[in-house]
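Below: one structure, written as structure tokens.
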Amino acid sequence: MILMYRKFLFTHILLLSAFYSPCQQLVLNGNFEDINVCTEFHALCSPEAWRLTSQERLNSLMYDSNHFAAVVVCNSSVPDVRSYIETRLGDSLHPGRRYKFSMDVQPGHALINSIGVLLSDTLILTPVTRRIHKKPDIDFTTKKELIGILNRHTWTHLEKEFTATSATGFILIGCFNPDEELNLKYEKGKKKDFKDYIYLIDNVSITPVDTRHDTAVIRANKEELYAINERHPEPVRLFDWPKRTLQRQKQALADTILLANDLLFGVDSYHPSPYFNRKLDTLFANFKGNIDSISIIGHTDNTGPEVHNDELSVKRAETVANYIAAHWSITPGKIKIEGKGSREPVADNDSPEGRNQNRRVEVIINYSMEANPQKE
């Protein structure tokens, strides 16, 4: 009888400890195994819940039946070329509480001493593939031995505990340090011009150390995020947190949204393509935030004198600004324009394809949201 009671008590202790255990996974699809089947082509698309900040489609690479993602950490010829993967967490972090972040990385044909994670309260988009000028919240750069322990032929496990400083809802993974701060080591000491070097990412995890999250909220957010099945969903779809998680007051989002634009201009032209008009119309038609300000930055390829390119880049920015103001009732005082000529290329100007990419405009939107939570 005593033995049965002890077994009964032991079993209940196990059940209670499992119920109250803080070990929960807040990163959805951290192993990239779940793949979205897009509505457009009914074919395998990006990994569920994840995306590239550059708004391109994130492929889930596969090797020996294992899926993983890839990020560009540097380019051998163009400064600060980067790509980042990001996802919305299953639930916002609890400020002041401790968590453990972990992931597995495998370098490509180059080793760097810098890989990090940015905790953000909103989705971030970047113009094409450029470095995000932010300091990562979880930084493995301080490990001077990092470049020594990494081996491009094997996976390396990285983990670090951190304390949440705000109710973060998104994470971004990639290389945040500028090229001049990178300790770069090429395979066999050789590099190829204009080559993107990548890191493979797998088994991304954030688990609470001294708190617990509502599993029903995590499950609901996962279902909502997995329900986005477009091949290239508009960014606003990923902003839609369930109304119960929003506060009643107006929420000012600290991060700037950088909208990647495939804005192609002809040589010596500042007229945007019809594709740009459709894309901008779709975005503003679905945008749910209150726009505080917009910065528009024009760029050119290196064809023509520098002074001419500077003037042309400003005209391209003005064309886009006029379109936004005229078609979407944005107060001109909220719009700032700038031209950078050919000084910030994102591709090689020696090829027609590269020059096409460099003829672009970046639209940066600062916004806030009015939250009206649903009664439960």
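Throughout, numbering of the chain's residues begins at 1 and tracks the sequence. Because only heavy atoms are used, hydrogens play no part in the values below, and waters and symmetry mates are left out as well, while side chains stay in.
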>> Among residues at least two apart in sequence or on other chains, which ones pass ring-ring contact (aromatic ring centres under 6.0 Å, His included) with Tyr226?
In response: none
> For His327, what residues pass the ring-ring contact (aromatic ring centres under 6.0 Å, His included) criterion, not counting sequence neighbours?
Replying inline: Tyr323
> Between Arg88 and Glu224, is there a salt bridge with N-O shorter than 4.0 Å?
Replying inline: yes
> For Asp214, what residues pass the salt bridge (Lys or Arg N to Asp or Glu O under 4.0 Å) criterion, not counting sequence neighbours?
Replying inline: none
>> Going by the rule ring-ring contact (aromatic ring centres under 6.0 Å, His included), which residues pair with Phe101 if we only count those two or more places apart in sequence or in a different chain?
In response: none
> Applying salt bridge (Lys or Arg N to Asp or Glu O under 4.0 Å), which residue pairs with at least one partner in residues 326-340 are found, sequence neighbours left out?
Replying inline: Lys340-Glu344
> For Asn349, what residues pass the side-chain contact (heavy atoms from CB on, under 4.5 Å) criterion, not counting sequence neighbours?
Replying inline: Asp301, Asn302, Pro345, Arg355, Asn358
>> Going by the rule salt bridge (Lys or Arg N to Asp or Glu O under 4.0 Å), which residues pair with Arg219 if we only count those two or more places apart in sequence or in a different chain?
In response: none
> Among all residues two or more places apart in sequence or in another chain, which pass the salt bridge (Lys or Arg N to Asp or Glu O under 4.0 Å) test with Glu48?
Replying inline: none
> Asn29: what forms a side-chain hydrogen bond (donor to acceptor under 3.5 Å, both in side chains) with it, not counting sequence neighbours?
Replying inline: none
> Listed by chain and number, what are the salt bridge (Lys or Arg N to Asp or Glu O under 4.0 Å) partners of Asp310, not counting sequence neighbours?
Replying inline: Arg343
>> So, using ring-ring contact (aromatic ring centres under 6.0 Å, His included) as the criterion, who are the partners of His94 when residues are at least two apart?
In response: His213
>> I'd like to check the side-chain hydrogen bond (donor to acceptor under 3.5 Å, both in side chains) partners of Arg98; sequence neighbours left out, ordered by chain and number.
In response: Glu161
